A.B. asks: 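Mind having a look at this structure? Questions to follow.
Keep in mind it's a predicted model, so treat the numbers as computed, not measured. Both backbone and side-chain heavy atoms feed into the values below; hydrogens, waters and symmetry mates do not.
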Amino acid sequence: MLHDFYTLETLQSTAPNTYCALITLNAEHPIFKGHFPDNPVTPGVCMLHIVKMLTQQITGYQLFLTQTSQVKFAALINPLLQPQLTLTLTIQSTSTTVEVKNITTFSDVVALKLTNSYRIVK
């Protein structure tokens, strides 16, 4: 469903357990035709999926979302106006769980803050 929704431009470690990802949204993706025509807005569930996919790539684990907390959508993300997003991910893990704190920005605007907890799928 989210095939070609975004492109990962860069992913780098910036501090212990902290990573910075730069992504570019595909404004031509079919999701934006329905959410919303002539005024595309990135769905929150898609942002949750992006955070999960990046966390899986960083940790090397398959993850199952168990909890989302401290969620704040602070700005609409229109892929025509803000195609590039920076996601800062701070990750803590145990042998069975992964917690990620995310801040997503475009320019100097904070668009999303959240904490996700995952169970590692074995």
A.B. asks: Linking directly or through intermediates, with side-chain heavy atoms under 4.5 Å: list the remaining ILVMFWY members grouped with V110, chain and number order.
C.D. replies: I103
A.B. asks: F106 and T86: side chain to side chain contact (heavy atoms under 4.5 Å, CB included), yes or no, with the steps?
C.D. replies: CA-CA 6 Å; F106 56 84; T86 300; over 6 Å; no
A.B. asks: Show your working on side chain to side chain contact (heavy atoms under 4.5 Å, CB included) between E99 and T115 and close with a plain yes or no.
C.D. replies: CA-CA 7 Å; E99 180 181 274; T115 300; 3.7 Å; yes
A.B. asks: Just list the side-chain donor-acceptor pairs under 3.5 Å for residues 4-17, sequence neighbours left out, or say none.
C.D. replies:
from : atom 1 : to  : atom 2 : distance (Å)
E9   : OE2    : T24 : OG1    : 2.9
S13  : OG     : A15 : O      : 3.4

A.B. asks: Which distance, rounded to the nearest 0.5 Å, do you find between the OG of S69 and the CG of N116?
C.D. replies: 7.5 Å
A.B. asks: Is there a side-chain contact between V100 and T90 (heavy atoms, below 4.5 Å)?
C.D. replies: no
A.B. asks: Run the side-chain donor-acceptor check on residues 45-64: report pairs under 3.5 Å with partners two or more places apart or on a different chain.
C.D. replies:
from : atom 1 : to  : atom 2 : distance (Å)
K52  : NZ     : L63 : O      : 3.1
T55  : OG1    : V51 : O      : 2.7
Q56  : OE1    : L63 : N      : 2.9
T59  : OG1    : T55 : O      : 2.9
T59  : OG1    : Y61 : N      : 3.2

A.B. asks: Which atoms form the tightest heavy-atom contact between P79 and P40, and what is the distance?
C.D. replies: CD-O, 3.6 Å
A.B. asks: Can any side-chain N or O of T94 pair as donor or acceptor with the backbone N or O of T96 at less than 3.5 Å?
C.D. replies: yes
A.B. asks: With a 4.5 Å heavy-atom cut-off, do T105 and L85 have their side chains touching?
C.D. replies: no
A.B. asks: Might you point out which heavy atoms bring H35 and P43 nearest each other, and give the distance in Å?
C.D. replies: ND1-CG, 3.5 Å
A.B. asks: According to a hydrophobic-cluster definition based on side-chain heavy atoms being under 4.5 Å apart (Ile, Leu, Val, Met, Phe, Trp, Tyr only), do L65 and L87 belong together?
C.D. replies: yes
A.B. asks: Go through I120 and T97 one step at a time and tell me if the side chain to side chain contact (heavy atoms under 4.5 Å, CB included) criterion holds.
C.D. replies: CA-CA 5 Å; I120 297 171; T97 63; 5.8 Å; no
A.B. asks: If hydrophobic clusters are built from ILVMFWY residues whose side chains come within less than 4.5 Å, do V109 and I77 share one?
C.D. replies: yes
A.B. asks: Go through the steps for T18 and T88 under the test side chain to side chain contact (heavy atoms under 4.5 Å, CB included), then give the verdict.
C.D. replies: CA-CA 7 Å; T18 302; T88 302; 4.0 Å; yes
A.B. asks: Drop me the distance from K101's NZ to Q70's CD, to the nearest 0.5 angstrom.
C.D. replies: 6.5 Å
A.B. asks: Hey, could you give me the CD/CG distance between Q84 and L25, rounded to the nearest 0.5 Å?
C.D. replies: 9.5 Å
A.B. asks: Could you tell me whether a side-chain N or O of T66 sits under 3.5 Å from a main-chain N or O of S117, the two making a donor and an acceptor?
C.D. replies: yes
A.B. asks: Quick check for you: to the nearest 0.5 Å, what is the distance between N26 atom CG and I31 atom CD1?
C.D. replies: 10.0 Å
A.B. asks: Check the hydrophobic clustering (I, L, V, M, F, W, Y; side-chain heavy atoms under 4.5 Å; chains of links allowed) and say if Y118 and V71 are grouped together.
C.D. replies: yes
A.B. asks: How many angstroms lie between OG1 in T42 and CZ in F73, if you round to the nearest 0.5 Å?
C.D. replies: 10.5 Å
A.B. asks: Mind checking the CG-CG spacing from N39 to L80? Nearest 0.5 Å is all I need.
C.D. replies: 8.5 Å
